[in-house]
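Scroll down for the structure; my scribbles are underneath it.
Just so it is clear: chains get the letters A, B, ... in the order the sequence lines come, proteins before strands, and each one is counted from 1. No hydrogens, no waters, no symmetry mates; every other heavy atom, side chains included, goes into these values.
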Amino acid sequence: MIDIGLIREQPEVVKAGLVNRNDDPVRVDSILELDVQRRELLQQVEVLRADRNSVSKQIGRLKDQKKRERLIAEMRQVGDRIGELEIQLRQVESSLDAEMLALPALPHLSVPIGPDETHNPVLREWGEPRPLDFEPTPHWDLGPELSILDFERGTKLSGSRFYILRGAGARLQRALIAWMLDVHTREHGYTEIYPPFVVREECMWGAGELPKFADNIYRDVEDDLWLVPTAEVPLTNLHRDEILDDECLPIKYVAYTACFRREKMSAGRDVRGIKRGHQFDKVEMYKLTRPKASYDELEGMLEDALDICRRLDIPLRVKELCTGDLGFHSAKTYDIEMWAAGCGEWLEVSSVSNCETFQARRANIRYRPEPGAKPSFVHTLNGSGLALPRVMIAVLENYQRADGCVVVPDVLRPWMGGIEVIDGRAAR
RNA sequence: GGAGGGAUGGCCGAGUGGACGAUGGCGACGGUCUUGAAAACCGUUGUGGCCGCAAGGUCACCGAGGGUUCGAAUCCCUCUCCCUCCGCCA
């Protein structure tokens with residue numbers, strides 16, 4: 001959510017931000033109009049309520065029956081009028097809320113302006129594709145050949161875009177999760193969280209998934225529970241409606257969860273392999289910070305994600321999202337892409353974002369800058385650290401050998417139970 | 001799943017229609033006293049909206065949302081959460 005005060009005072013700034021996002025700036029005008037209406041109605045209602053409050057107190061003390069009845073009759077009329085105005089006020093407020101909740105975060109001034117993903121500048125590159133003296137196989141062939149990946153049976157159980165990991169494949173994923181959690185908790189200072197994988201609707205609003213991405217989220221209608229599309233959702237809501245102590249900031253969390261997405265908006269895209277499934281695993285980093293520190297913390301989080309990539313020794317590049325490609329709730333985002341030799345693609349394995357106060361306002365997460373000071377909103381940041389299926393793809397495709405086997409990267413060996421090479425046998 | 005009991009300020013806890021934004025206690029903060037500290041005493045101690053340059057005024061909030069009433073923490077309805085007992089169960 002954007003500060004209504006900012007919209008009132010500097011509507012042109014907000015409009016410029018929306019234009020850069022390819023969004024419609026006219027929405028700002030309708031918000032301003034509703035805001036004026038709201039305040040007018042509010043003032044009318046409050047004057048009447050103040051009157052009724054004081055007269056009602058008098059009535060309680062009055063002995064004179066006649067006067068009493070006269071005042072009660074008067075106040076009944078005042079009450080009716082209040083009721084009418086309150087109905088109007090509620091309508092205006094709910095329209096205003098809906099407009100406010102539909103507004104994306106404003107891009108940070110440092111974000112490059114551009115229309116779409118083709119304008120995302122590459123900021124950094126690291127590593128060289130390792131020289132292969134054979135034609136590399138994409139993971140959708142390599143996995144089934146090694147019997148560690150099974151698409152047919154995944155589809156049999158759950159439909160398209162589901163798959164099964166088997167034997168060393170399943171173990172490789174589990175090793176990646178355990179290893180990444182260990183690095184982030186032991187070396188990068190994050191606290192591990194194991195959250196629920198289903199949450200209430202209000203959590204989806206708080207994290208900014210609703211209203212925009214309703215189509216993309218699985219939901220249990222009977223109990224009104226929503227399957228998390230990312231651990232960012234429960235992590236954002238951990239401190240919903242809280243006022244945090246200044247000393248406990250920044251808070252750094254890391255959580256492993258499965259993630260569930262309908263992928264309706266991406267129907268037909270990336271249908272091959274495990275790049276984009278309805279269910280995938282992810283290790284997610286999350287920070288709540290003081291506003292002044294958030295951009296330093298963003299750089300730190302990017303480094304934490306890059307550290308994982310470098311230790312896997314897979315070529316990568318960092319892009320910054322331009323204004324036109326920025327996510328709904330983010331003010332600034334870096335994407336990390338890993339090279340996948342088999343499918344010959346750069347894969348987005350991490351997206352690191354500063355949401356500033358966007359989620360904090362929605363979820364009402366504040367801190368007290370000094371003892372006795374008024375609470376103000378924290379900044380929230382999130383970043384994949386990393387998204388599993390894509391790291392799996394990169395590992396399988398970059399570490400494959402001419403004989404069709406896959407060498408387990410050194411850093412993962414302690415978690416692989418002695419498996420150094422994934423071959424046909426390791427699948428069992 | 002069945003039966004019952006709850007939810008009040010940072011915490012404990014009183015309050016069943018009118019002077020209650022809420023008695024009291026604890027904690028925290030400030031002060032008096034003291035060489036210093038403790039004790040004792042005095043005072044302060046929630047969040048948000050709106051109007052205002054400000055001082056200040058006003059409205060809302062007693063788990064959430066509706067309703068009754070001139071007036072609701074208090075009465076009615078719905079929901080959520082917690083506790084106890086029984087059943088079931090990884």
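Side-chain contact check for Gln279(A) and Tyr163(A): no donor-acceptor pair (N or O, by modelled atom type) lies under 3.5 Å. Under the 3.5 Å distance criterion, with hydrogens and angles disregarded, a donor-acceptor pair is assigned to the side chains of Glu232(A) and His329(A).
U44(B) and C62(B) are spaced 24 Å apart, taking the P atom of each and rounding to whole Å. A distance of about 12 Å separates the P atoms of U23(B) and U45(B), rounded to the whole Å. Nucleotides C79(B) and A90(B) have their P atoms positioned 31 Å apart, rounded to a whole Å.
If you measure from atom CD of Glu40(A) to atom C1' of G49(B), you get 16 Å, rounded to the nearest angstrom.
The aromatic rings of His184(A) and His188(A) sit tilted relative to each other, their planes meeting at an angle between 30° and 60°.
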Open item on the list: Let's test your reading of the pairing rules: Watson-Crick or G-U wobble, both distances under 3.5 Å, then write RNA chain B as a dot-bracket string with ( ), [ ], | and dots.
Closed with: ((((((((.[[[..)..(.....]]]((((((.......))))))((((((....)))))).[[[[[..)....]]]]])))))))....

N/O to N/O distances under 3.5 Å, protein versus nucleotides 6-9 of chain B:
none

I'd like a table of atom pairs between the protein and nucleotides 43-47 of chain B - only N or O on both sides, under 3.5 Å - with the distance next to each one.
| unit_1 | atom_1 | unit_2 | atom_2 | d |
| --- | --- | --- | --- | --- |
| U47(B) | OP1 | Arg368(A) | NH1 | 3.0 |
| U47(B) | O3' | Arg366(A) | NH1 | 3.1 |

When you compare the protein's N or O atoms with those of nucleotides 79-82 of chain B, which come within less than 3.5 Å of each other, and at what distance?
| unit_1 | atom_1 | unit_2 | atom_2 | d |
| --- | --- | --- | --- | --- |
| U80(B) | O3' | Arg200(A) | NH2 | 3.2 |
| C81(B) | OP1 | Arg200(A) | NH2 | 3.2 |

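Pro369(A) pairs in a side-chain contact (heavy atoms from CB on, under 4.5 Å) with only one of the listed residues (Ser376(A), Pro375(A), Pro291(A)), which is Ser376(A).
Backbone-only engagement by Arg8(A) is indicated by non-hydrogen atom pairs under 4.0 Å involving sugar-phosphate atoms exclusively.
Salt bridge annotation for Arg70(A)-Glu74(A): present, with a cationic side-chain nitrogen under 4.0 angstrom from a carboxylate oxygen.
You'll find the ring centres of Tyr286(A) and His239(A) outside the 6.0 Å limit.
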TODO: Report, as a single string ordered 5' to 3', how protein heavy atoms within less than 4.0 Å touch nucleotides 56-71 of chain B: B base, S sugar-phosphate only, - not at all.
DONE: --SBS---------BS

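Listed by chain and residue number, nothing satisfies the salt bridge (Lys or Arg N to Asp or Glu O under 4.0 Å) test with Arg68(A) (two or more places apart in sequence, or in another chain).
Look at Arg61(A) and you won't find any side-chain N or O under 4.0 angstrom from OP1 or OP2 of G18(B).
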